[in-house]
Amino acid sequence: MSEEAKIHFLGAAGTVTGSKFLLEVFGKNILIDCGMFQGLKELRELNWQKFPFPPAKIDLVLLTHGHLDHTGALPRLVKEGFKGEIRGTSPTLAIAGIILTDSAKIQQEDAERANSEHFSVHDPALPLYNEDDVAKTLKLFSTVKPLEWITFSEQIKYRLIPNGHILGSTYIELKIGKKNFIFSGDIGQKNDSLLKPPQKPERADYLFLESTYGDRLHPQEETDKILKQAIESTLEQQGILIIPSFAVERLQTLMYEIYKLHKENKIPPIPVYIDSPMGNEVLKTFSRFMSWHKLSHEEFREMKKRFRIITNYRDTWKTIEDPQPKVVIAGSGMVTGGRVLTYLRFFIENPSTTILLAGYQAEGTRGRQIQEGLSEVKIFGKYYRLKAAVKSINSLSAHADQEGLLEWLDEIKNSPQRIFLIHGEKGASDYLRVKIRDRYGWRAEIPHLNQVVNVEI
Ligand SMILES: [Zn+2]
């Protein structure tokens, strides 16, 4: 009789966030990623549900990368009894540490604010987890070298293979019995300016493929030209260029793009400030893990020298008061919080200000309101007129687009027995499903949340 493996789709099934896949096989329980649900309220509420599987019975967690939607539920898993190892590459674990610490802090602050203003339906409002829970989680972290096969049990081996999404990111290949399981993680772009192109699998019996941009191609635009033009008009108007940015990866990419413009003398000198405590921490991981990105020591040092890195709030104020034209890159990327709000409060009503949105702005965020040109924007309880010029860069994505996802499959030599499209809105996954059928003749399916599937091994 052939053996079976059971797969539980505990997140990122029919949606982008909350990545969590449990493999029950040969008496072992392995969790691939343990992410937080983000975005709409009905998704965020899922973070409060009990795990549908006892955490104490999970033997191992493997992480594809450090993003919150892949790691953000770990402290709850630990709080509810998980005692095994949490394994990922060194940069993945470093970034996860930064992100989880920040997440606990934000949740504690939100809960405190809700309690003092009595607006929560939960009384008292509680954080999902706190910094102590994060500290206990970090103790279970254990590093895996990329590409090296690791024997977990007689029938189970695994390895982590770089896939170019963010620093340290990988896809995961498991050899279970005679079958290969591939969990794609989030796949990066092949022409990323900082990261090496994603490596590709050569065999997949069971494939779990992300589909975030399954229905789209990234626009062909020249980031450097948009940046150059925004910087030049800021100098002309003696104004400020404010670039809201995600702290992980996007900030470092923007730094690199601006550094290149400086180095090639394509823009006049202008001070560029980095005001993102978390982005700063991530920048340190870039200098710790040099082999994980394309920059040489020399280049990295040169790049850092060109920026003024703000480390305390007093310098934020000094920067605001200084009248000379400047560029400020600050979090958060969708203008939902962070230091960028302090700058906008002072400069959003000034027509010599330019706001450059450097990434996707989700519905319901302040960034989206600014992008849509709303006449007034609310910041810290007060309305401000949007007089600043607004521009966008749309091509800076850490994700492969539809073509990139399809190309990622082109070295697979066998026909996968089953393909599960995960980590995508339903429309995007379905589009990719049809494209995979047309290009490769393979049938793919879209699992739903909490679905359990048995596969032969
Ligand atoms: Zn990601």
Side-chain angles (χ1 to χ4, degrees), residues 10-21 31-39 43 47 61-74 86-100 102-103 146 160-172 182-190 192-199 208-214 216 218 245-253 278-279 281-282 285-286 289 292-293 331-334 358-362 395-402 404-405 408 421-425 428-429 432:
L10 304 179
T15 180
V16 174
T17 60
S19 272
K20 243 179 252 102
F21 310 98
L31 189 65
I32 310 290
D33 285 339
C34 188
M36 187 187 273
F37 289 98
Q38 295 171 284
L43 284 172
N47 292 322
V61 177
L62 296 176
L63 298 179
T64 59
H65 64 290
H67 271 151
L68 193 67
D69 64 324
H70 292 255
T71 62
L74 285 170
I86 300 168
R87 310 206 73 187
T89 64
S90 310
T92 287
L93 298 180
I95 288 172
I98 296 168
I99 285 183
L100 292 176
D102 181 70
S103 165
L160 273 49
I161 305 167
N163 71 351
H165 169 59
I166 63 168
L167 197 74
S169 73
T170 61
Y171 74 89
I172 298 175
I182 301 283
F183 288 86
S184 74
D186 292 0
I187 301 166
Q189 295 207 63
K190 65 177 177 189
D192 192 274
S193 51
L194 293 181
L195 302 177
K196 293 163 195 166
Q199 299 191 36
F208 302 76
L209 178 66
E210 71 119 325
S211 52
T212 318
Y213 286 99
R216 262 168 293 168
H218 293 317
S245 173
F246 304 106
V248 183
E249 212 72 27
R250 185 63 39 85
L251 174 70
Q252 296 77 28
T253 306
M278 195 169 145
E281 290 299 311
V282 177
T285 64
F286 269 74
F289 303 109
W292 280 89
H293 57 77
S332 69
M334 297 193 201
Y360 176 69
Q361 306 296 316
S395 55
L396 284 182
S397 174
H399 284 270
D401 63 4
Q402 184 191 66
L405 292 170
W408 195 69
L421 299 180
I422 49 167
H423 202 286
E425 300 298 342
S429 304
L432 188 64

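Here, residue 1 is the first one in the sequence, and each next residue gets the next number. Both backbone and side-chain heavy atoms feed into the values below; hydrogens, waters and symmetry mates do not. Both ligands and their constituent atoms are indexed starting at 1 by order of listing.
Nearest to the Zn ion (ligand 1), among the N, O or S atoms that His65 has, is NE2. Among heteroatoms of the N, O or S kind in Asp186, OD2 lies nearest the Zn ion (ligand 1).
The Zn ion (ligand 1) lies under 2.8 Å from an N, O or S atom belonging to His67. None of the N, O or S atoms belonging to His70 lies under 2.8 Å away from the Zn ion (ligand 1).
Counting non-hydrogen atoms of other residues, nucleotides and ligands closer than 6.0 Å to NZ of Lys196 gives a total above 12.
Side chain of Gln252 to main chain of Gly279: a donor-acceptor pair is present (N/O by atom type, distance under 3.5 Å, no hydrogens or angles). Put simply, the side chain of His165 gets close to the backbone of Ala398: a donor and an acceptor are under 3.5 Å apart.
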Going through the checks in order, is the side-chain contact (heavy atoms from CB on, under 4.5 Å) test met by Leu62 and Arg87? CA-CA 5 Å; Leu62 296 176; Arg87 310 206 73 187; 3.9 Å; yes
